[in-house]
There are 6 protein chains.
Amino acid sequence: MNKVVTFGELMMKLSPLGYARFVQSHQFNVEYSGAEANVAVALSSFGVPAVFVSALPGNEIGDAALNALRHYGVDSSGVIRKEGRLGIYFAEKGASQRPSKVIYDRSYSAISMTDVSDFDWDKLFEGASWFHFTGITPALSDTLASICLLACQTAKAKGVTVSCDLNYRSKLWAKEKAGKIMSQLCEYVDVCIANEADAADVFGISAIGSEVETGMIDTASYAEVARQLSKRFGFQTVCITLRESISASDNNWSAILYEGGSVYHGKKYPIHIVDRIGGGDSFAAGLIYSLLTGKTPQDAVEFASAAACLKHTIEGDFNMVTASEVESLVKSHGTGRVIR
Amino acid sequence: MNKVVTFGELMMKLSPLGYARFVQSHQFNVEYSGAEANVAVALSSFGVPAVFVSALPGNEIGDAALNALRHYGVDSSGVIRKEGRLGIYFAEKGASQRPSKVIYDRSYSAISMTDVSDFDWDKLFEGASWFHFTGITPALSDTLASICLLACQTAKAKGVTVSCDLNYRSKLWAKEKAGKIMSQLCEYVDVCIANEADAADVFGISAIGSEVETGMIDTASYAEVARQLSKRFGFQTVCITLRESISASDNNWSAILYEGGSVYHGKKYPIHIVDRIGGGDSFAAGLIYSLLTGKTPQDAVEFASAAACLKHTIEGDFNMVTASEVESLVKSHGTGRVIR
Amino acid sequence: MNKVVTFGELMMKLSPLGYARFVQSHQFNVEYSGAEANVAVALSSFGVPAVFVSALPGNEIGDAALNALRHYGVDSSGVIRKEGRLGIYFAEKGASQRPSKVIYDRSYSAISMTDVSDFDWDKLFEGASWFHFTGITPALSDTLASICLLACQTAKAKGVTVSCDLNYRSKLWAKEKAGKIMSQLCEYVDVCIANEADAADVFGISAIGSEVETGMIDTASYAEVARQLSKRFGFQTVCITLRESISASDNNWSAILYEGGSVYHGKKYPIHIVDRIGGGDSFAAGLIYSLLTGKTPQDAVEFASAAACLKHTIEGDFNMVTASEVESLVKSHGTGRVIR
Amino acid sequence: MNKVVTFGELMMKLSPLGYARFVQSHQFNVEYSGAEANVAVALSSFGVPAVFVSALPGNEIGDAALNALRHYGVDSSGVIRKEGRLGIYFAEKGASQRPSKVIYDRSYSAISMTDVSDFDWDKLFEGASWFHFTGITPALSDTLASICLLACQTAKAKGVTVSCDLNYRSKLWAKEKAGKIMSQLCEYVDVCIANEADAADVFGISAIGSEVETGMIDTASYAEVARQLSKRFGFQTVCITLRESISASDNNWSAILYEGGSVYHGKKYPIHIVDRIGGGDSFAAGLIYSLLTGKTPQDAVEFASAAACLKHTIEGDFNMVTASEVESLVKSHGTGRVIR
Amino acid sequence: MNKVVTFGELMMKLSPLGYARFVQSHQFNVEYSGAEANVAVALSSFGVPAVFVSALPGNEIGDAALNALRHYGVDSSGVIRKEGRLGIYFAEKGASQRPSKVIYDRSYSAISMTDVSDFDWDKLFEGASWFHFTGITPALSDTLASICLLACQTAKAKGVTVSCDLNYRSKLWAKEKAGKIMSQLCEYVDVCIANEADAADVFGISAIGSEVETGMIDTASYAEVARQLSKRFGFQTVCITLRESISASDNNWSAILYEGGSVYHGKKYPIHIVDRIGGGDSFAAGLIYSLLTGKTPQDAVEFASAAACLKHTIEGDFNMVTASEVESLVKSHGTGRVIR
Amino acid sequence: MNKVVTFGELMMKLSPLGYARFVQSHQFNVEYSGAEANVAVALSSFGVPAVFVSALPGNEIGDAALNALRHYGVDSSGVIRKEGRLGIYFAEKGASQRPSKVIYDRSYSAISMTDVSDFDWDKLFEGASWFHFTGITPALSDTLASICLLACQTAKAKGVTVSCDLNYRSKLWAKEKAGKIMSQLCEYVDVCIANEADAADVFGISAIGSEVETGMIDTASYAEVARQLSKRFGFQTVCITLRESISASDNNWSAILYEGGSVYHGKKYPIHIVDRIGGGDSFAAGLIYSLLTGKTPQDAVEFASAAACLKHTIEGDFNMVTASEVESLVKSHGTGRVIR
């Protein structure tokens, strides 16, 4: 199978044990995470050769981040070592009515200090059939926006399919700037993924009748959002993931896929959450896997949704499930009987 | 803001990790807890200057207990050091149909050996606007009942508002004795808090139509309990917290506030429990905070209920949430979406 | 009370912490488990003298396994030490839609290498009133099938009641072989226990209208299964445990007892799961305890069901609950209020 | 082999992890310990049937203590359950120049509230050949001093050998009282064990030229102490253990045995300490094992010293080493080469 | 006692468990540390009122840092909350021939972004008798150098004694810049502390005949260094701490104090290390305590050296020892016998 | 740099935490180890492309083993997946006079069931310049001895240098069989490594005057052993590692290198041990690195010895040190000063 290239930041994730709060913690779990790295790990777990492109500091902390990726079989040859720090994010896990809390400490990271010349996209895309990035990467610096543009253009020129998860982060950039830059990049994107809030935040395309805050989701209105997105940018495929928040402990998760004027609905999963961070990245990986392996649109949205569902049952942002585990969930009733 | 003084016992809490039982445990989490100390910590987390008055043994175990309070900003200058031991309680966390189990080992504690002369209430109430204690403190020794009486009288004389959580503990004293002594103390109390069983246990005032054991709660009948309590002792405000036990993992929590002949109902929270001990103390702290900051009765019962709800999502008996986190829950739909 | 003898394999159970997956784990919890050992521990916790008969390797790993049994008061004098290894099973805990996963590494264990002459059943049954084994033991080797047969025959000759939990494991033997050997053994069995799938797997007796995979259970159809089992082998008592899988986090559990032509239904427990492995073994222990202490059939199925329910709330395969805790659940509403 | 009976208190030991101090600890290791219980566990590990006689509270904390003993094969049938608490001791591990610190919280324990009628020594000594206690037991209450006396007299009457470790604890009683009561008891003692300070503290018999505080030990002077002890009480055998404290991390350990007018010196072990508590109890167990199995005085002091040395390399107060491991150390050079 | 004010950065310290390396770690211990904060904690543990002045970010990570100080009784009222991050340092513990490794990630911290107007030194020094800072604080930013200067001048004007630990960090500034700025500040310093390398690095005053790298220390040559320092800046007291590195596991530690033309030598401690970071800060705290309480120069250097020695036996950078524990070491032989 | 290929078994290593014994353990650290895998990891940490050839079971336990190798950058493309189990070894860490204990449970492993046709050595050696194996691999099965022979022959034919560490394991084969098979294989070996006992065990070549058991090592006698080894098999280079066991906590480590008739002695390191397993494998990796990078014999033995020394200071069998860290130790005095 041809390789998939993803490009973005890899951060250290520091999280209190269990449901502990920051102010009572004396130990942190140490993991490494980033939207595009998560996609690479999930793809590798599905058996897809995945190359992660990024920049890490040249010290032992950077080495540790690299090891975490290699652990799950990701090809780290696209990672360069630079001055700068490793971005950190602190994540406190919520429960019931108490929300999870994420505190970013990602400024001045090695990747945010990269230059356009640091990455040779022609070489990186050799043997690749897919390129994936998210809206976080161009938000990290103006240079990174340019690098993303160059990567997209090179991919297009080489016949590499491009997918993008909008992934809007208000802490990183304002909606106007996001809208402007993402519009440029989306010209090169074949497959677009957004969650229930992204399209409104980035492009001002809102779902009528849904209230993200209350967890009320009107699926039909999102089909219209997908149609508009597809129309504006000429995306071949648009997926919108729909999270209904019942509480920090229980969520419903589903998604729709829009392609060729038709809407395909995935099964809705009522999930008792172990760790919900990384759900969207797992959906993206599931979608890329599905499209790479020639699944039908309906099968694709089912596989991607099941992959995302399973991520919610796993500690950490990496979705260490095999393709066959995902297929089992797609085919089963999700009753979780012990496998002996 | 003027300070709040609370008075009671601080114990060491030893609990197996996770859902382990005592008989299989090789490590205990070590925390420090006590009804009135929990209120002080919660108030400090809300930004209220809180002074805790107590007695601790003069050894390193007492030092450790003191550190736990200081950690959360409580003013520990009211703690004296005495002969005697630190009371201990062992707490095993239940799940589903298995109840949590608490084993007390609190006899002969330093506070139970204090004399009336050990505390200078005139000095302790300097700059204070509120005094809080619970029915546990006078139950610890006859001397402590006298000390509580003196504290209440001094508070009244100095214009300090007095609140009391009935907090009946059958292991500490018989209902008759509790009724007699609490009746004396309640003459000085302005704000009374009780849970769904306390009023019946201590004063024989029962809610018709509720069965605490089965988790069936008739809210209306508790309004009548509150009215009777208010009438008998002339309380300005009475709050009754109402826990509906579905299982050890899931409870519904709500409360009513009775004031000036009117009943105010707080929102009912269906809670998936992380740790339920200390819920009532968090309610008390939320109520004190609300009344100190001039909230309306309706806003007060909402704030206090939300504070208690959040405690159930936090490990340990201390409610380390900020006032703004509580306000967020009051205003939101409790859907627990990640805060980034 | 006369003693109960159980016979089977004791394995090391290695499990990732919390909900971690094998591929991300750097520590394992180390426990010791086996269907018949679990029954012995549960009986000992109920106050019944329980003797476990098995073979363990003569090294420190075998010592550690032995210690685990002794910890809970099981009489380990029936354990011999042999060449061979300690069987291991790896168990990853599932959550929500992700199933638990069990990987067996039990070949070449000390018990699978025992000879018929290794166990002196006449002596082992001195002072015993009950013998219990499960379908796992005869599946481990042909010799063990012979040893089980000898044990059953000796028990019968000495007036010792024999119970058997069918416990079919497809990894250990084919359905045909299981059916043949279990048929021989069941001639000596007085009390037979099966779960919702065993009777069909071993004896081809299926419950019409139930789909184990989807978690749909038709209780009535299982009464007919019990009747057929009883008829074919002349069992005095047959119990069928019925697990409805909603997800890996939530199951409903109930059971029926068939005796003297009548069917007795136990209460159905909706369980939020801590650890579900060992639920069936706890049911068996609850049933043996009930029948040994002269409970009525209805009380017996209630006690055994409550015992099994409580096991789901406890970490590890051993059910460390007292008989009085089980009785409390039988009598209560399972609302899990804190016991102080 | 005939059984050994030991009599004393079993406490919960709570200790910070690693070298953490009490004031910085959020978890404690939970172990169970007591001088005579430690001897019972060590003997059981050597393969000697060991019965522990004591009293424990009737709650789950008492159950947990009992389990700890059973884990290592000790016969707990001599333990009665009583009102009262489980004594606790807090132990902080020292390092280099920082001493270990032990804080006792053992008042009002179940054993300290026993009556003379609680123990039927005639029955307890059935089938026993040895009785062991230490100076801690009679120090716990006047009643316990009487019980010890009765136990000693019964032992003597039944031909059971009696050993006593003086084990003086200044927190429990004054030197005068200790001297008076231990003198009474020592009339029945055959084998007496003391550390480098006990004989002086209890009986005023000092070693000329040794300074316990500085770690300077003059072995010869202790031979004279042993001779005087033997002469005053008619002990058949006297052992004195000699700890040279270099630091909290490094100690030298040796012992002398005095019998029939001769002094036998054990090898001196320079020990890099893992956990030194329980070293003396392991020596006692090693000595009892040696004398029970007919070793010569020289072999006995070597075995006991090696057993005590090994205890220093093991976490916890229980010496979980086999007799063959001790013999290996006696015969080897203590170079600690890996055993594969 | 009048209060001591210290001023500097408080960082998060992230360290692998035990002796693990960064690249193999999945959990970090989370502590909070900083040279001047360490001094404040040590003083508070000695019973001296200690105020810490600093700036922390306004988020929960900043709250957690604050809690750590309050835990040990430090008055945190001098800490302001600012934009910027919390500085982090990663610390891997070495052993034997493997050195400990510290990786700083402290750029852009809240304190490095403070303005001169952020601190009101007149008010901060009310009721203070001592001001302490180290060479790290002025190295963090040019503004901080100015703030230090202003603090020193204010202290001098108010009769507050000023102490400074040179604490040269080559990662923060070049030797020339350090020399220039520290020279300015030292004009206001009464008590100067340096380690075996600082005087050479900052002021070019080298000890003839010592080789820091090889661990060879010539104490006499350092007396001359102290004399020169004293002469150049008019210090009342100069202390030089002398660490002889045998390995990462074993160090010798001693110090000299120079005052009034005389040199006082402290005892040399051979230390088996638990955690050596913070040793110098503990020395500084010991020295300040000694001078505040009127000890003689000889007693002062002994107390400070013993305090530093004890820090090496404690996990974390905070020296949680009492003054009486330090006095015990000064008076004893450091043999670390258990304290019961 | 051309790649190095190593061939052998990868096992799961289960070890109690800290210094705990098996019989008291409730958790195990889970690591993956094997002599040749350890060499691959160490080489990868030095920056050398390292390929590991082996067989692992096709389940998640095999996946986890694979991940551990990939974590440190080892190329795992030479690992095939087979039926069979993952070999396990249990390792209890000793201290002071208590030896470490290793219990093997490696029978029936996937690699022991491989066929000659499973490995295509021609392909595996493409681009390789070095092949390394140890005496453990041919000891695992007769087929593996044949596979090793084929690998050696293929290596020779392709001009790939071959190194072998004799690594005699008495649990795996008898001395005679080892001698016979290793003699065959050594014909193809260029670089031979042995520890202080191997040459005597395998080839009967003993060092006169050394007693391995007592830790007495006569370096000169080992030069003669090396000379004889070299002569008998025509090795280009022979290294003998010399461990002097002082205790399980302290060892001296050194090595000699024999080449061209000359003996080169490495520095002797007195080591305070963190974890000594894997020391020899680290030496081998250091030697291979040295010879691959053209170091002189003296520099080679120094580098390899320093690498082995550092391994003793690291938890786990993998030597995660960089080449520059090893060089630092070679050049320094091993005083372990903090690196900031």
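Below, chain A is the first sequence line, B the second, and so on; all start at residue 1.
No donor-acceptor distance shorter than 3.5 angstrom exists from the side chain of B:Gln24 to the backbone of C:Ile314, with no hydrogens or angles considered. Panel note: side chain B:Arg21, backbone C:Met320; a donor-acceptor pair is recorded below 3.5 Å. Proximity of a side-chain donor or acceptor of B:Arg98 to a complementary backbone N or O of C:Thr313 within less than 3.5 Å is detected. Between the side chain of B:Gln97 and the backbone N or O of C:Pro270, at least one donor-acceptor pair lies under 3.5 Å.
Using a 4.5 Å cut-off between heavy atoms, C:His312 does not touch chain B at all. Heavy-atom distances place the side chain of C:Val274, and not its backbone, under 4.5 Å from chain B. In this structure, chain C has a heavy atom under 4.5 Å from the side chain of B:Lys171, while its backbone stays farther away. Both the backbone and the side chain of C:Ile271 come within contact range of chain B, each with at least one heavy atom under 4.5 Å from a heavy atom of that chain. Proximity to chain C (any heavy atom under 4.5 Å) is restricted, for B:Ser249, to the side chain, taken from C-beta onward.
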Working for side-chain contact (heavy atoms from CB on, under 4.5 Å), residues C:Glu325 and B:Lys101: CA-CA 11 Å; C:Glu325 287 179 316; B:Lys101 195 161 274 187; 2.6 Å; yes
Verdict with supporting geometry, C:Tyr72 and B:Val23, side-chain contact (heavy atoms from CB on, under 4.5 Å): CA-CA 9 Å; C:Tyr72 295 103; B:Val23 293; 4.2 Å; yes
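Going from atom CZ of C:Arg340 over to atom OG of B:Ser100 covers 9.5 Å, rounded to the nearest 0.5 Å. In this structure, CG on B:Asp250 lies 12.5 Å from OG1 on C:Thr335, to the nearest 0.5 angstrom. Separation of atoms CD (C:Glu315) and OG (B:Ser25) is listed at 10.5 Å; rounding is to 0.5 Å.
The aromatic rings of C:His272 and B:His272 sit perpendicular to each other, their planes meeting at more than 60°, with 30° as the lower class boundary.
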